[in-house]
Amino acid sequence: MTTQSSTDPKSIYDFAVKDAKGHDVDLTTYKGKVLLIVNVASKCGMTNSNYVELNQLYENYKDKGLEILAFPCNQFGEEEPGSNDQIVEFVCTRFKSEFPIFDKIEVNGDNSAPLYKFLKSGKWGIFGDDIQWNFAKFLVDKDGQVVDRYYPTTSPLSLEHDIRKLLAVV
């Protein structure tokens, strides 16, 4: 599960999370990068379009400082039922995704991952702070601050302007 290294987090860099293999990942690893953090699912109606577009963004901007962090979540329609290994196999085989896939987490409720509690505390959605469905997206600047939150139905490619601005790419 996601761990928190600070009782009063100031940025996402105050968190450590587990990757899909169960290894601890200190988010300071991503310091200085623009992050797109997404709760993902393998069996959602939006799976294909989101993974295809996330891959395009990653391919176009990974060398310019973008990192996409994918957090599988099974809270919405049980659309991410597999194990971490099954999820990684699906994503890497079907979509050839190269961005990191993390441990399956909960994004809402009492067992919500500390990272997601922090992410939700800054940018509220239409339904309060809860994530509405799979593929909600958070854009985080190079200083680890949430700068925007996008609904699950928002196309990843539609975020390109905001990503380019944070990366200072013209």
Using the test side-chain hydrogen bond (donor to acceptor under 3.5 Å, both in side chains), find all partners of [X] that sit at least two apart in sequence or belong to another chain.
X    : value
T153 : none
T93  : E89
D162 : Y150
S49  : none

To check you understand the geometry: which heavy-atom pair defines the closest contact between [X] and [Y], and what is its length?
X    : Y    : value
P100 : Y30  : CG-OH, 3.6 Å
S112 : V107 : OG-O, 3.0 Å
L57  : L66  : O-CD2, 3.8 Å
N74  : P81  : OD1-N, 3.4 Å
W133 : M46  : CD1-CE, 3.7 Å

Partners of [X] by ring pair (Phe, Tyr, Trp, His ring centres under 6.0 Å), sequence neighbours excluded?
X   : answer
Y61 : none
Y51 : F95, F135
F99 : Y58

Please confirm whether the backbone N or O of [Y] pairs with a side-chain atom of [X], one donor and one acceptor, at under 3.5 Å?
X    : Y    : result
D14  : S11  : yes
D141 : L166 : no
K137 : T154 : yes

Original post:
Using 30° and 60° as the class limits, which term best fits the ring planes of Y116 and F71: parallel, tilted or perpendicular?
Top reply: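 Ring orientation of Y116 relative to F71: perpendicular.
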What residues form a side-chain contact (heavy atoms from CB on, under 4.5 Å) with [X], not counting sequence neighbours?
X   : value
D85 : K21, S83
K31 : Y13
V88 : A20, C92, I101
A41 : C44, E79, E80, N134

Original post:
Under the side chain to side chain contact (heavy atoms under 4.5 Å, CB included) criterion, do L27 and L115 qualify, and how do the steps go?
Top reply: CA-CA 10 Å; L27 292 183; L115 172 63; 4.0 Å; yes
Original post:
I37 and side-chain contact (heavy atoms from CB on, under 4.5 Å): which partner among L69, I68, L139?
Top reply: L69
**OP:** List the steps, then state whether side chain to side chain contact (heavy atoms under 4.5 Å, CB included) holds for D103 with N84.
**Re:** CA-CA 6 Å; D103 189 28; N84 284 347; 2.7 Å; yes
**OP:** Applying salt bridge (charged side-chain N to carboxylate O under 4.0 Å, His left out), name anything that partners K62, two or more places apart in sequence or on another chain.
**Re:**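 K62: salt bridge (charged side-chain N to carboxylate O under 4.0 Å, His left out) contacts with E59, E98.
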Original post:
For N108, which of K120, K117, Q132 qualifies under side-chain hydrogen bond (donor to acceptor under 3.5 Å, both in side chains)?
Top reply: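 Exactly one candidate clears the test, K120.
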**OP:** Carefully, step by step, assess E67 and V34 under the rule side chain to side chain contact (heavy atoms under 4.5 Å, CB included).
**Re:** CA-CA 6 Å; E67 196 64 63; V34 171; over 6 Å; no
